[in-house]
Amino acid sequence: MTDKKINDMLTKYDKKNLTIATVCSHSSLQIFNGARKEGFKTLGISVGEKKKFYDAFPLGKPDEFFMVDNYKDILKYTEELQEKNVIVIPHGSFVEYLGADKFLTLNLPTFGNREVLLWESDRNKERKWLEGAGLTMPQEIKNPKKIDKPVIVKYHGAKGGKGFFIAKTYEEFNKRIKKNKSFNIQEFVMGTRYYLHYFYSPIQNDAYKISKGSIQLLSMDRRDETTIDEVQRLGSIAELEELGIHPTFVVTGNIPIVMRESLLPEVFRMGEAVVEKSIKLFGGVIGSFCLETVVTEDLKFKVFEISARIVAGTNPYVAGSPYSELIQPDMSTGRRIAQEIKLASKKNLLSEIIT
Ligand code: AMP
């Protein structure tokens, strides 16, 4: 989708009647709730049936549901959605269900920079971006025969850690690898995990300033992953593996967390470096993004992944986090996104934050 096409679309929009829309899943309750708090209309795109559980959450329920038979059908209804002055907030499930290629061509104004998808979904490009920004990533092991420490094997395109496995030797790797899939081997970093939720605004200068705009840290979480996070209830991983029981990394939920304050300067330094590099590479990662990190025992961060939009780890903070409370009370990431759109619309700067 060209920026010009989206800009033309925006000029036709009734700016007093913007509608915040997203797919009913992932972080949508929070997105609708945040948009509502900022005075926007909300629209929930839902597949097959209206999801009944929204009735139980009146403050997280969209004003209107937009039913489609299939996520890919969203592409057929873009004109209808444009008439409703829809601005789309993408989240992980939205992009996954629609498919990255279709998301890139979606004919609707979308919060954030869609270009980022090309850098985030290709592990080599992602490494070029993050290491190019000076961040430390887990070492990559190109030759499985050289495995001489615990590694995590990740299949390309696998969502939510599905199919990932740990190996400590080449023999173990060889026993478990599915040869028909492409994969990537990374050093398994020992430490504690922190998933850092940033917000980059290219149009506001009232937070942690960078060359253009500023950065906020809105919250952080730790993912709850089955079965790895509770496997120790049954025995040590080594014991279980001998019985042929292997831990898995499937995300089931998110746990709120804070970090020792002395690590915060490094958190901001990393956020700044990632945004500055993104501006040079593809015009900037706009709005929410999350660095997925492990802090080692010598208090160094290793970043194993970036998610360049709202992550479900922000869901524990519908009413704000210990960090966002120090910015503005009662501010979720969903609400922060709505505020950015509101401000950009008022200042005629929507083209800076929407693609
Ligand atoms: P990912 O799909 O890359 O987010 O990885 C899924 C999960 O695997 C993460 O949430 C972590 O728990 C774990 N993980 C991924 N990469 C590493 C790594 N290099 N070292 C340790 N744990 C990792």
Side-chain angles (χ1 to χ4, degrees), residues 26-27 91-93 95-96 100 116-117 119-131 135-142 144 146-169 172-173 176-178 181-198 219-232 237-238 241 246-257 259 270 274 288-316:
H26 191 271
S27 45
H91 52 56
S93 305
V95 177
E96 188 189 337
V116 71
L117 206 63
W119 287 84
E120 177 198 20
S121 57
D122 175 331
R123 286 206 187 268
N124 294 328
K125 282 183 126 176
E126 184 188 38
R127 198 167 266 273
K128 196 171 156 202
W129 172 14
L130 300 181
E131 288 189 338
L135 270 51
T136 310
M137 293 187 77
Q139 183 200 347
E140 207 183 332
I141 290 106
K142 298 249 192 244
K146 297 240 163 91
I147 295 174
D148 59 358
K149 55 181 154 189
V151 296
I152 178 164
V153 182
K154 304 181 176 187
Y155 292 108
H156 289 178
K159 288 287 165 224
K162 235 184 154 133
F164 289 12
F165 67 91
I166 299 172
K168 290 174 283 310
T169 59
E172 229 178 301
F173 165 86
R176 305 225 25 223
I177 191 71
K178 292 196 180 78
K181 290 186 178 169
S182 47
F183 59 86
N184 168 282
I185 309 172
Q186 253 180 28
E187 142 199 30
F188 188 93
V189 183
M190 307 268 239
T192 44
R193 289 168 298 135
Y194 293 86
Y195 300 72
L196 311 170
H197 315 145
Y198 297 88
S219 47
M220 49 184 86
D221 78 298
R222 176 164 304 159
R223 286 191 194 154
D224 215 3
E225 292 170 330
T226 187
T227 58
I228 183 85
D229 288 337
E230 298 226 28
V231 79
Q232 76 287 349
I237 293 178
E241 290 207 313
H246 303 288
T248 53
F249 293 84
V250 178
V251 183
T252 53
N254 303 87
I255 305 164
I257 202 162
M259 183 177 271
M270 293 192 301
V274 164
S288 322
F289 67 97
C290 171
L291 291 182
E292 305 180 9
T293 73
V294 177
V295 181
T296 60
E297 61 189 335
D298 53 355
L299 299 179
K300 297 275 186 286
F301 283 87
K302 291 209 179 173
V303 180
F304 56 87
E305 186 106 51
I306 184 165
S307 293
R309 60 197 58 72
I310 184 170
V311 288
T314 59
N315 286 339

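In listed order, ligands and their atoms are each counted from 1. Keep in mind that this is a model prediction, so the values were computed, not measured. Heads up: numbering here begins at 1 and tracks the sequence.
At a heavy-atom cutoff of 4.0 Å, ligand 1 is surrounded by Pro138, Ile152, Lys154, Phe164, Gln186, Glu187, Phe188, Val189, Arg193, Tyr195, Arg223, Glu225, Phe249, Glu292, Phe304, Glu305.
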Check: residues 305-315 side-chain donor-acceptor pairs under 3.5 Å, at least two apart:
unit_1 : atom_1 : unit_2 : atom_2 : d
Ser307 : OG     : Glu292 : OE2    : 3.1
Arg309 : NH1    : Glu120 : OE1    : 3.4
Arg309 : NH1    : Glu120 : OE2    : 3.1
Arg309 : NH2    : Glu120 : OE1    : 3.0
Thr314 : OG1    : Gln30  : NE2    : 2.9
Thr314 : OG1    : Val311 : O      : 2.7
Asn315 : OD1    : Gln30  : NE2    : 2.9
Asn315 : ND2    : His26  : O      : 2.8
Asn315 : ND2    : Ala312 : O      : 3.3

Please list every donor-acceptor pair under 3.5 Å in which a side-chain atom of residues 162-169 meets a protein atom from a residue at least two apart or in another chain.
unit_1 : atom_1 : unit_2 : atom_2 : d
Lys168 : NZ     : Glu172 : OE2    : 3.4
Lys168 : NZ     : Glu241 : OE1    : 3.3
Thr169 : OG1    : Glu172 : N      : 3.1

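In this pair, Phe289 and Tyr198 present their aromatic rings parallel. The plane angle is below 30°, not in the 30 to 60° band.
Residues passing the salt bridge (Lys or Arg N to Asp or Glu O under 4.0 Å) test with Glu140, sequence neighbours excluded: Arg127, Lys142.
Under a cutoff of 6.0 Å and an axis angle of 45°, Arg222 and Tyr194 form a cation-pi pair.
Between Phe173 and Ile185, the closest side-chain pair of non-hydrogen atoms falls below 4.5 Å.
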